[in-house]
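Computation of the quantities below employed the complete heavy-atom set of this structure, encompassing side-chain atoms and omitting hydrogens, waters and symmetry-equivalent molecules. Chain naming here is simple, since letters A, B, ... match the order of the sequence lines and numbering starts at 1 in each.
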Amino acid sequence: MKVVNEVIRAEFISSVLLWFKEYGRKNLPWQKDPTAYRVWISEIMLQQTQVKTVIPYYEKFMKCFPNIEDLAKASNDQVMAQWSGLGYYSRARNLHKTAIELCKNRGQSEFPDTIEELQSLAGIGRSTAGAILALAMNKKASILDGNVKRVLARCFAISGWPGKADVAKKLWQVTESLTPENDVKAYTQALMDIGATICTPRNMTCEDCPLSNICIALKQDNQVLYPGKKPKKKIPVRSQYFCLLMSKNGELLMEKRPPSGIWGGLWTPISCDLEFNLGEYLENTYSIEASNQQRLEEFRHTFSHFHLQLVPVKADVTKMLSIAEDNLRWNSLDNWLKEGIPAAVRVMIEDLSANLEKD
DNA sequence: AATTCGGGGAC
DNA sequence: GTCCCAGAATT
C-alpha cells in the first residue's frame, strides 16, 4: 500500500537532509561518541522529558556509569539515586535490568542490532528501538516520538489524538514509508530537531521550515489543530500523611517502596491516607510508637492523573522493634538527600531541615 | 484499548 | 492554572 506519494517522499527526505546540514543539532552530549550505550541512556531519559532537563542528568549519569558493565554492577539504590528527580522511575529500573541482562547473556557490551531484539528488552519500545538503530548504528529504522508525531501530523494533515490506536497506526505507516535508505542517522536527528525547534506546539516558525512547501496544515493555516489533543478529564485529589519519624539523634526513618506503582523503588517517609489515625496506623502496621506529633505545612504535588496533597507530620519515635525489614532505614537528612528520593520528598526533607535549624 | 507511570518548562 | 515533552508496560 502506498502511504506517501513518491514525489512528495523524495522532496521530504531531501529537504530534511539539506536543512540538517546547516541547522541541525550536532553537539548534544549524546551525539559526541554516539555508541549504542550512550544513545540508549539518552533515549530513555528523553522519554517524556525535555532535552534541557535531561542534559545535567545525562552528564552525571555517564560520569557515574561510563559503560554498560558499570551500570550492570551498580546496586538498585545507586541507579535510583542517579535518577532522583527525573520522574518515571520505572525507566531507571528497566535500564538497570536491561544492562544486567545484556552483560550476562553477551558477556560484553555489544548491543543487539535488530528491531526485534531491541524491543524485547525492558524499557525499549518500538520508537526507542528505532532511535538506537538509526542514531547509533545508522541503520534504516523509523521513530515516532512526540516531535515526529507533530511534524508528520501537520505535514500530512493527520487528524485525531495519537493516543488512539487508529491515529497512531496511521502515523507509524507514514514515518515508516518516509524513512530513507541512506543517511538515516542525520534524517532521524533532523526530524526531531525540526519538531523541537521549528514545528513547536505553539508559535511555530514555519517560515524557517524546510517542509513549508509540502506541509498541508500550513497551507490550511491550521497547524495548531495537529496533532489532536488528548481528551481531558478532571483529576482527583488524594490527601496523605507523610510521617517524618525522627530518632533522638536527629535521624529520619524512611521506607523503600515496592518496585511498581507511584515512586517505585524510591525511599519515602511512611505514608497513609488521611482517613487513618496516624498513631494507630504506625502502631498497627509498623509497631512503632511515636510522640510529639507536629503537623508541618502541607503542599500539593500534581501527577498526570491525580493531585497529591501531602501533609507532613513530624514525630519522635519512642519505641520500635529493631529493624528487621530491609526496606526500612534510618539516615541523616543530608544523607537522605543523596539517595533515590522523589522530588516531593526532597522538598519535605529540605523544609524539615530548615525547620530544625531554626530551633 | 485504556490506564498508569513524574517532573519540569513554557505560557 | 494548562499543556506538553526523544513512550513503554500493564491491565
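- When the P atom of dG7(C) is taken as reference, atom CD of Glu43(A) falls 8 Å away, rounded to whole Å.
- Note on Gln119(A): nothing from the nucleic acid sits closer than 4.0 angstrom, heavy atoms only.
- The backbone N or O of Val174(A) lies less than 3.5 Å from a partner atom in the side chain of Ser177(A), making a donor-acceptor pair.
- Ring planes of Tyr58(A) and Trp30(A): perpendicular class, angle over 60° (limits at 30 and 60°).
- Regarding Leu144(A), its CG atom lies at a distance of 14 Å from the C1' atom of dC5(C), rounded to whole Å.
- The residue Ile132(A) sits apart from the nucleic acid: no heavy atom pair falls under 4.0 Å.
- At the heavy-atom level, Lys230(A) lies nowhere under 4.0 Å from the strands shown.
- At a threshold of 4.0 angstrom between heavy atoms, the contacts of Ile143(A) with the nucleic acid are absent.
- Nucleotides dA8(C) and dG8(B) are separated by 22 Å at their P atoms, to the nearest Å.
- Within the nucleic acid shown, Ser90(A) has no heavy atom closer than 4.0 Å to any nucleic acid atom.
- The distance between atom CD1 of Ile44(A) and atom P of dA8(C), rounded to the nearest whole Å, is 7 Å.
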Step by step, would you call Arg126(A) with Glu176(A) a salt bridge (Lys or Arg N to Asp or Glu O under 4.0 Å)? CA-CA 12 Å; Arg126(A) 189 172 177 181; Glu176(A) 291 194 323; 3.2 Å; yes
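- Evaluation of the side chain to side chain donor-acceptor pair (under 3.5 Å) rule for Ser271(A) yields Arg257(A) as partners, not counting sequence neighbours.
- What separates CD1 of Ile235(A) from P of dC3(C) is a distance of 11 Å, to the nearest Å.
- The nearest heavy atom of DNA chain C to Ala122(A) and to Asp193(A) marks one nucleotide each, and the one closer to the 5' end goes with Asp193(A).
- Between Gly163(A) and Gly85(A), it is Gly163(A) whose nearest contact on DNA chain B lies nearer the 5' terminus.
- Remark: C1' of dA8(C) and CD of Gln48(A) are 9 Å apart, rounded to the nearest angstrom.
- No N or O donor and acceptor, one from the side chain of Arg91(A) and one from the base of dA9(C), sit under 3.5 Å apart.
- When heavy atoms are screened at a 4.0 angstrom cut-off, Gly261(A) is found touching the sugar-phosphate backbone but no base atom.
- Nucleotides of DNA chain B nearest to Ala165(A) and His301(A) differ in position, and the one nearer the 5' end is that of Ala165(A).
- Using modelled atom types and a 3.5 Å distance limit, the side chains of Ser247(A) and Asn249(A) yield a donor-acceptor pair.
- Residue contacts shown for Ala131(A) are absent, as no nucleic acid heavy atom lies under 4.0 Å away.
- Nucleotides of DNA chain B lying under 4.0 Å from heavy atoms of chain A occupy a range whose first and last members, 5' to 3', are dA1(B) to dC11(B).
- In this structure, Arg126(A) atom CZ and dA8(C) atom P are separated by 10 Å, rounded to whole Å.
- Positionally, the nearest nucleotide of DNA chain C for Val51(A) lies more toward the 5' end than for the other of Asn94(A) and Val51(A).
- Distance NE2 (His305(A)) to P (dT2(C)): 16 Å, rounded to an integer number of Å.
- For the C1' atoms, the distance linking dC5(B) with dC5(C) amounts to 15 Å, nearest Å.
- Between the CG atom of Leu46(A) and the C1' atom of dA6(C) there is a distance of 5 Å, given to the nearest Å.
- The residues Lys248(A) and Asp316(A) are annotated as not salt-bridged, no charged nitrogen and carboxylate oxygen being separated by less than 4.0 angstrom.
- Ser304(A) comes within contact range of at least one nucleobase, with a heavy-atom separation under 4.0 Å.
- For the residue pair Glu255(A) and Tyr286(A), the shortest heavy atom distance occurs at OE2-OH, 2.8 Å.
- Among the protein residues, Arg25(A) comes within range of the nucleic acid bases, having at least one heavy atom under 4.0 Å from a base atom.
- In this structure, Trp263(A) and Phe303(A) have tilted ring planes: the angle between them lies in the 30° to 60° band.
- Salt-bridge check for Asp183(A) with Lys21(A): failed, with every basic side-chain N at 4.0 Å or more from each acidic carboxylate O.
- Nucleotides dG6(B) and dC3(C) are separated by 15 Å at their C1' atoms, to the nearest Å.
- Among the atoms of the strands shown, none is found under 4.0 Å from any heavy atom of Trp40(A).
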